[in-house]
Amino acid sequence: MPVHNRDIADIFNKMADLLEIKAANPFRVRAYRDAARIFGGMAKSASDMIAEGADLTEIPGIGDDLAEKIREIVETGSLAQLTALEKELPSGIHDLMRIPGLGARRVQALYEQLGIGDPASLEEAARAGRVRQLDGFGARLEANILEEVEKKRWSKARTPWHVAEAVARDLLAYLQADDSVKQAAAAGSFRRRKETVGDLDILVTCRRGSDIMDHFISYGDVEKVISRGKTRSSVRLRSGLQVDLRKLPQVGYGAGLHYFTGAKAHNIAVRRLGQKKGLKINEYGVFKGDKRVAGRSEASVYAEVGLPCIAPELREDRGEIEAAQRGELPELIRIEDIRGDLHVHTDATDGSSTLAEMADGARARGWEYLAITDHSQHLAMARGLDARRLLASVEAIDRLNETLKDFRILKSIEVDILKDGSLDLPDEVLKVLDLTVCAVHSAFGLSRDLQTERILRAMDNPFFGILAHPTGRLINEREPYDVDLERLIEAAAERGCFMELNAHPKRLDLTAPYCQAAREKGVKIAISTDAHSVDHLDDMRFGIHQARRGWLAPGDVLNTRGWGELKKLLKR
DNA sequence: GCCGTTTTCGGCCCGACTGTTTTCAGTCG
């Protein structure tokens with residue numbers, strides 16, 4: 001079994017959990033968590049790096065010790081030190097650590113004094129009133145813990161961004177309806193446009209004498225008030241989503257916005273730069289001694305540490321600070337840069353809008369072209385097109401195009417990549433199309449090598465255009481199939497193929513690190529909606545969010561080009 | 001466990017709120 005970066009991240013996170021419970025040096029714990037974060041967000045596979053003889057200690061945050069542990073994990077699939085720790089502590093302890101209100105110290109106490117090592121036995125002990133007897137615990141804490149355990153909070157999935165958006169929109173409108181509120185905005189991972197969010201962080205500035213916290217906890221959707229203070233309150237909504245509200249002074253609003261947008265690792269890196277310049281940076285401003293020197297705007301915070309303002313989508317400590325210092329931050333793509341959509345369906349297969357409706361929808365969005373990419377015959381479930389029906393669709397497009405001015409419907413198909421790597425329709429048919437979008441819809445369970453070979457073989461076909469939703473994942477629903485994406489990106493670069501960033505909010509496939517990798521290899525990316533109805537053309541904005549997280553500039557994206565230029569690029 | 005224009009040891013980002021305490025540890029972000 002090949003070892004993936006996410007396996008390494010899992011092992012290091014578990015190490016951090018167990019070391020924390022054993023009261024290890026907190027900075028040592030942090031080193032493991034940092035390493036987990038680094039590998040979790042890296043496109044380049046550690047296995048490959050080791051196979052190529054690369055020096056892992058060149059990665060910031062990885063020293064001799066962790067490099068050696070990574071080598072051990074890659075070679076053996078496990079880490080002896082973790083295995084040993086897991087013999088001392090039960091595996092359910094990781095779940096305990098994820099229960100809100102429980103951290104390392106309390107989990108340690110529960111285990112050492114009551115022998116509790118998993119949520120089920122914690123529930124039992126809390127019911128029996130044994131938890132409250134521990135030092136530092138009480139009846140309130142016990143009741144809170146019991147409630148969290150009963151609701152299985154440790155296994156709560158993160159909320160997809162587009163779901164959080166609806167919650168944030170309603171809540172912001174509710175807060176702004178209060179006369180005392182001057183500004184209200186959502187920060188956190190929501191503002192960074194992460195695919196999923198763990199909670200919502202809302203910031204407000206208010207006039208004097210505001211009772212905004214009362215207003216906030218009175219919101220109709222609030223199920224439980226977790227905490228309530230003068231400047232910070234937390235609630236859980238009926239949907240299960242936690243919302244934190246922070247009240248900020250106007251003069252430090254930019255510093256607060258920066259602080260609560262994160263990511264944590266990015267903030268730490270920025271504060272370190274501040275430290276070197278003798279500055280203290282917190283959520284209220286940038287301070288030299290007791291004197292506030294900046295903080296009204298985010299840009300003013302960055303300026304104090306000698307950086308240009310970094311876009312929220314880039315703030316993950318994944319090289320953006322170094323790039324900013326070198327003046328090499330990309331000019332990120334915006335929705336206005338998009339000139340067409342290269343992947344949509346119609347009612348000829350599993351879509352619900354007609355060809356003409358989809359074309360009208362695209363024109364209404366200011367686009368210049370739209371590729372019709374209905375499914376191919378292998379996808380019988382979606383009434384996929386055979387050669388005869390595809391050619392009929394091509395004729396219909398030709399006829400419609402004759403009636404359209406300043407807009408072009410592109411003849412295309414989402415053709416299945418069959419298990420053996422062949423495409424689902426013969427070359428004679430594919431060659432009449434303007435482009436092809438090629439996709440895996442079957443045999444998701446192939447081994448990494450076979451899946452990679454399958455797609456590489458498909459890319460050898462001269463009519464292979466864009467690799468659609470390259471990993472097949474559905475957020476919170478289906479894991480990506482196992483494939484060597486890095487190799488696919490290299491192959492796409494060699495063969496003149498393209499990768500899709502599927503904008504569907506459940507897909508967002510490619511992920512940001514692979515967008516970054518494709519950009520570095522010069523592989524152009526199509527940001528496509530995969531719309532199955534006119535309304536879904538608006539999903540383009542989700543694709544733009546992900547593209548920005550992946551450092552993409554307009555020049556990295558296929559469908560920022562006019563048809564004339566696009567046509568040339570598509571020629572292999 | 002990492003790191004270094006104070007470099008191989010001694011630092012490591014910063015503050016709010018809760019609950020259990022009686023001055024603060026633990027958790028969270």
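Sequence lines set the chain letters: A, B, ... in the order given, protein chains first and strands last, and positions in each chain run from 1. These values consider heavy atoms only, across backbone and side chains, with no hydrogens, waters or symmetry-generated copies.
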Judged by modelled atom types alone, do [X] and [Y] share a side-chain donor-acceptor pair under 3.5 Å?
X	Y	value
A/Glu320	A/His266	yes
A/Asp17	A/His94	yes
A/Arg191	A/Thr261	yes
A/Thr196	A/Arg158	yes
A/Arg105	A/Gln108	yes

Taking only side-chain N and O atoms of A/Thr231, does any of them lie within less than 4.0 angstrom of OP1 or OP2 on B/dC17?
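So the side-chain polar atoms of A/Thr231 do come within 4.0 Å of the phosphate oxygens OP1 or OP2 of B/dC17, strictly under.
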Are any of A/Lys69's side-chain N or O atoms less than 4.0 Å away from OP1 or OP2 of B/dG1?
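For A/Lys69, the contact criterion (side-chain N or O under 4.0 Å from OP1 or OP2 of B/dG1) is met.
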Residue [X], side-chain atoms from C-beta onward, closest of [options]:
X	options	answer
A/Arg228	B/dG15, B/dG29, B/dT18	B/dT18
A/Arg28	B/dG29, B/dG1, B/dC14	B/dG1
A/Leu66	B/dC2, B/dC12, B/dG29	B/dC2
A/Asp65	B/dA16, B/dC2, B/dC17	B/dC2
A/Glu283	B/dG15, B/dG1, B/dG29	B/dG15
A/Arg246	B/dG15, B/dA16, B/dC12	B/dA16
A/Gln81	B/dG1, B/dC28, B/dG15	B/dG1
A/Lys280	B/dC12, B/dG15, B/dG1	B/dG15

Check: A/His162 ring centroid to A/His504 ring centroid under 6.0 Å:
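Ring-ring flag for A/His162/A/His504: false, centres at least 6.0 Å apart.
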If we take the [atom1] atom in both [N] and [M], what is their distance in whole Å?
N	M	atom1	result
B/dG26	B/dT21	P	12 Å
B/dC9	B/dC14	C1'	25 Å
B/dA16	B/dT20	P	22 Å
B/dC2	B/dT6	P	23 Å
B/dT22	B/dT18	C1'	15 Å
B/dT5	B/dG1	P	23 Å
B/dT7	B/dC12	C1'	15 Å

[atom1] of [X] versus [atom2] of [N]: gap in Å, rounded?
X	N	atom1	atom2	answer
A/Ile8	B/dG1	CD1	C1'	17 Å
A/Phe12	B/dG1	CZ	P	10 Å
A/Asp201	B/dC17	CG	C1'	15 Å
A/Ile70	B/dC2	CD1	C1'	13 Å

[X] near the nucleic acid: base, sugar-phosphate alone, or nothing, with a heavy-atom cut-off under 4.0 Å?
X	answer
A/Ile38	nothing
A/Asn267	nothing
A/Pro26	nothing
A/Arg30	base

Quick check on DNA chain B: between A/Arg232 and A/Ile268, whose nearest nucleotide comes earlier from the 5' end?
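By nearest-heavy-atom nucleotide position, the 5'-most residue is A/Ile268.
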Most 5' of A/Phe260 and A/Leu279 on DNA chain B, judged by nearest nucleotide
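The 5'-side residue here is A/Leu279.
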List the protein contact pattern of nucleotides 4-11 of chain B with one symbol per nucleotide (5' to 3'): B for base contact, S for sugar-phosphate-only contact, - for none; contact means a heavy-atom distance under 4.0 Å.
--------
List the protein contact pattern of nucleotides 19-26 of chain B with one symbol per nucleotide (5' to 3'): B for base contact, S for sugar-phosphate-only contact, - for none; contact means a heavy-atom distance under 4.0 Å.
SS-----S
Would you say A/Gln516 and A/Arg318 make side-chain contact, with heavy atoms under 4.5 Å?
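They are in contact (side-chain heavy atoms under 4.5 Å apart), so the answer is yes.
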Taking the side chain as everything from C-beta on, heavy atoms only, tell me whether A/Phe216 gets closer than 4.5 Å to A/Val243.
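Yes, close enough: below the 4.5 Å cut-off.
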Counting N and O atoms only, with roles assigned by atom type, does the side chain of A/Asp337 sit under 3.5 Å from a partner on the main chain of A/Arg334, one being a donor and the other an acceptor?
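Answer holds: yes.
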Classify the side chain of A/Tyr284 and the base of B/dG15 as holding, or not holding, a donor-acceptor pair under 3.5 Å.
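Looking at the base of B/dG15, it does not pair with any donor or acceptor on the side chain of A/Tyr284 (distance under 3.5 Å).
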If B/dT8 has a Watson-Crick or G-U wobble mate with both distances under 3.5 Å, name it; if not, just say none.
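No nucleotide pairs with B/dT8.
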